Amino acid sequence: MAWLASSLAILFLTTTIAKADQIIYSDDSLSNGWQDWSWGSTLNYQATNIAEGTTSLSVNSTAWAAVSLYTPTPFGSSFAGLRFDISGDEPPIQFYIQSTTDNSQSPTISLTAFSTSVTSDNFTSILVNFAELPPTGAPLGNGTWDRINFQAEGDGAVYNIDNIILVDEIVVTPKFLSAEPIGTNLIAVTSQGAVNFTGISVNQNGKAVKVKSITNSPVVDIPNKSITYLTLENTFSAGTLVITAVDGTSFNYTLPKALSGTVNQLKTFPINDNVYGVNFPTDADYIKNLGVTAARKGGNAETAYNPFGDFTNAGNDWYFENRANDNADDWVGWVQGADADAILLLPALDWVSKDTSSYSYPKTVYPDQQSFDPYNADAGDGLLPNGSWVSPPDPSLVYAPWNVSAAQTYLTGLKNKPQTLTIDNEIEIASSTHQDMHPDPLGYDEILKRVLDFGTVAKQAIPEVQIAAPSTCAWWFYWTSSIGDADKAAHNGSDFLPWFLQQMQIHDKAAGKRLLDFLDIHYYYAPDTSANDAAAKALRLRMSRSLWDPTYTDESWIGTNAPSNTQPNANQVMLIPRMQALINKYYPGTKLSIGEFSSGADTDLTGGLLTADMIGIFGKYKLDQATYWATPDEKGPVGLAYWLYRGYGTYFGTESADVSITGLNPDTLAVYAGTNTLHNNATLVVINKDPDTPVALKLSGIPTGSYFLRHFGGQAGVAKYQTTISVSSTQYLVIPAYTAAFLQQRR
Ligand SMILES: *[C@@H]1O[C@H](CO)[C@@H](O)[C@H](O)[C@H]1NC(C)=O
Ligand SMILES: *[C@@H]1O[C@H](CO)[C@@H](O)[C@H](O)[C@H]1NC(C)=O
Ligand SMILES: *[C@@H]1O[C@H](CO)[C@@H](O)[C@H](O)[C@H]1NC(C)=O
Ligand SMILES: *[C@@H]1O[C@H](CO)[C@@H](O)[C@H](O)[C@H]1NC(C)=O
Ligand SMILES: *[C@@H]1O[C@H](CO)[C@@H](O)[C@H](O)[C@H]1NC(C)=O
Ligand SMILES: *[C@@H]1O[C@H](CO)[C@@H](O)[C@H](O)[C@H]1NC(C)=O
Ligand SMILES: *[C@@H]1O[C@H](CO)[C@@H](O)[C@H](O)[C@H]1NC(C)=O
Ligand SMILES: *[C@@H]1O[C@H](CO)[C@@H](O)[C@H](O)[C@H]1NC(C)=O
Ligand SMILES: *[C@@H]1O[C@H](CO)[C@@H](O)[C@H](O)[C@H]1NC(C)=O
Ligand SMILES: *[C@@H]1O[C@H](CO)[C@@H](O)[C@H](O)[C@H]1NC(C)=O
């Protein structure tokens, strides 16, 4: 789908070689002082297997190796862009620009963001427009840019490249890119270059409709494309709508019959503020801009966090290597300073990292391993060629001992106290993620013991802290331990989480006070949407039903296999109601948090639409806390979902309001209503998941008058669009295809 503004723009931009262009490579060799700083790659600057002119540059890069070109004369912001011609079987490479002076760099951009149809029988010309880099459209900006990289991904890459040129000028052809009906009488037009708006004509069901006003709205985060809202004299109605520009470009819609619904502003309940959380926010501005309420510092690479030196180990995520880690105390300080709740991970295994540089499986000691760190050829992945683990090394070579006394010292010493502590992270799979220091699979009893031991000292050190556990990674492990069925049998056949809740209740009753505040789980969708084609995108957008819908059979192994659990309706995940029912049965009063969840498609528009749907579901189904994994790009699709609900101080509402729409198909549409106890502002979020067809709603219970409108998606793409509109009737409210829209009453 070519919605991405950046790829659209590239299609319509043209370049001509101008005098002021700088050729980096054309035939035979580098020119203009450019030097070869490549690594891990076999290069031939005079390849003739395919060429434009006489020769091209042929490249054969190993995993993560790169063609890297350097100039001693930084090119700063003096060029408009970079052009290159590439040939290969859509080589899996990524492109980025660096400054060797200050180590800054551009986003890392996959070749697919520029073109998905690069072939080996021809060259495809790629233009990198410095004014709007994919995936977000942010400009490259000023810098001492002096190095460009074409880096292979994990499987290596073979391709040819030719005519690498810094271009002086990019000429923008005036063009209407899209025109979509939205709201009751608004048309959102995106365009590039100097187009003529006054000549646009609009025709509804065969009759001309007058344009009452034209307002230009600057598009935040996508420069060089503008959005213009045309306000019509008449409101929309079902039938055909044709918008025709002066240049003859026309946009033709069939507006459907409206779905009828009711919003009840009086039937409400509070939304827990902490459902708008993320892992690892980048800084205080990020928290404020996106309205983030809860920030988690967790994940596999925090399990071995040593607060007495700020070291950690990445475990199986990165070759079991030690490294430096952010200081937790400072982190809590700035997160809370930005008004978000801080959620810290408390290590609960027996070891933490002892320095910033050791690693568990040196090649010098274990020569036969499956792979080695491309940036440190001596650090291996601990796997033998036959797939078995190398026998665990002596942990004290890489780790320092850790226990409850150390935890108590650490927590007592914190100047900044976190609101919540999770007892470690996905501890049930430590025998794989931290195989080097905990090779034995953890069973029910060990998980419980560690939660009790570390949770107890945590509350001794910080009495008001809330404990979240056991942060279980996935559906399978909600019910079964790494030891397997024998462990379950040894626990009276009980599935893991119900057993855990029961044990926590027994413990807390005996202790006379609550140790477990949150049942914390992680949730990653089980269906495979990696193909990211039309079918995968549709699946992605409907699989949010697994969070709530008792009639939705999971479209993965969960929905078809007889799973190893004794849960009712185990082919339907219905995650939030299911977990709430377990809590009510086994330990009432425990809150529910989802410490990690993801759309699985952070750079795709559908990942943003899905996240907007999930955030709505969290409020509607009374989840207590949720933190996205990992950091949504503030300007990317997932960041837009947070911005939609919470951006720049405009909030969805403190209460969820009742909304019912007759005939709503949750595969293609989601509607959430909210209100605000302070101002009583009616708020609506509508997510149209259909890629092609606008949706229309006929709503009662929503007042007419002035509304603030925000939206992203559709042909408008990945950028922040907002305006204020006047709603004279709620009989026919249009939301374009593939769009998430936010409407809030202004009085
Ligand atoms: C690329 O290099 C690898 C060795 O690193 C070699 O096995 C492979 O055949 C090369 N591929 C091509 C197309 O030259
Ligand atoms: C390669 O591209 C050129 C120029 O666009 C075109 O004329 C030619 O037909 C293409 N060849 C193939 C095999 O696609
Ligand atoms: C970049 O540099 C130019 C001139 O060197 C300056 O006019 C412009 O404001 C700078 N832009 C930013 C974003 O700093
Ligand atoms: C824009 O189009 C209208 C209608 O065709 C025309 O009257 C007007 O002169 C055009 N404006 C410009 C600046 O070209
Ligand atoms: C984008 O906008 C900037 C300033 O607004 C301008 O300098 C640049 O030439 C434009 N680039 C394109 C491709 O329109
Ligand atoms: C718009 O689409 C309708 C239905 O497909 C068609 O009948 C009509 O001719 C189209 N109008 C224009 C101007 O393209
Ligand atoms: C893999 O190789 C190691 C060392 O030779 C051996 O001990 C182990 O049993 C093998 N594992 C499998 C699954 O064959
Ligand atoms: C924790 O480890 C320290 C140092 O190894 C030891 O002195 C202490 O007794 C241990 N505490 C517990 C509770 O095991
Ligand atoms: C074991 O499970 C059965 C039902 O599966 C239940 O009736 C019984 O109370 C359980 N026993 C214990 C000790 O939890
Ligand atoms: C809600 O309504 C109040 C009162 O009219 C207004 O000041 C405010 O801007 C609106 N929005 C929010 C988010 O409160």
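Since this is a predicted model, take the numbers as computed values, not measurements. As the structure lists them, so they are numbered: ligands from 1, and atoms in each ligand from 1.
Ring centroid separation for the pair F236 and Y732 does not come in under the 6.0 Å cut-off.
Across all their heavy atoms, S391 and Y361 have their closest contact at O-CE2, 4.5 Å. The two residues T590 and L519 come nearest to each other via the heavy atoms CG2-N, 3.4 Å.
If you number the atoms of ligand 7 from 1 as listed, the ones under 4.0 Å from a heavy atom of L384 come out as 2 (O), 3 (C), 4 (C). Close approach to N386 involves these atoms of ligand 7, each under 4.0 Å from a residue heavy atom: 1 (C), 2 (O), 3 (C), 8 (C), 10 (C), 11 (N), 12 (C), 14 (O). For ligand 8, the atoms closer than 4.0 angstrom to any heavy atom of S405 are 1 (C), 10 (C), 11 (N), 12 (C), 13 (C). Each of the following atoms of ligand 8 lies closer than 4.0 Å to a heavy atom of N403: 1 (C), 2 (O), 3 (C), 8 (C), 10 (C), 11 (N), 12 (C), 14 (O).
Between W479 and W475, the two ring planes are perpendicular [angle over 60°; tilted spans 30° to 60°]. Between W499 and Y444, the ring-plane angle classifies as tilted under the 30° and 60° cut-offs.
Among residues two or more places apart in sequence or in another chain, the salt bridge (Lys or Arg N to Asp or Glu O under 4.0 Å) test is passed with D310 by none. Under the rule for a salt bridge (Lys or Arg N to Asp or Glu O under 4.0 Å), K591 has no partner lying at least two apart in sequence or in another chain. The salt bridge (Lys or Arg N to Asp or Glu O under 4.0 Å) check on K459 picks up D517, with sequence neighbours excluded.
Among protein residues, N196, T198, G199, V246 come within 4.0 Å of ligand 4, judged on heavy atoms.
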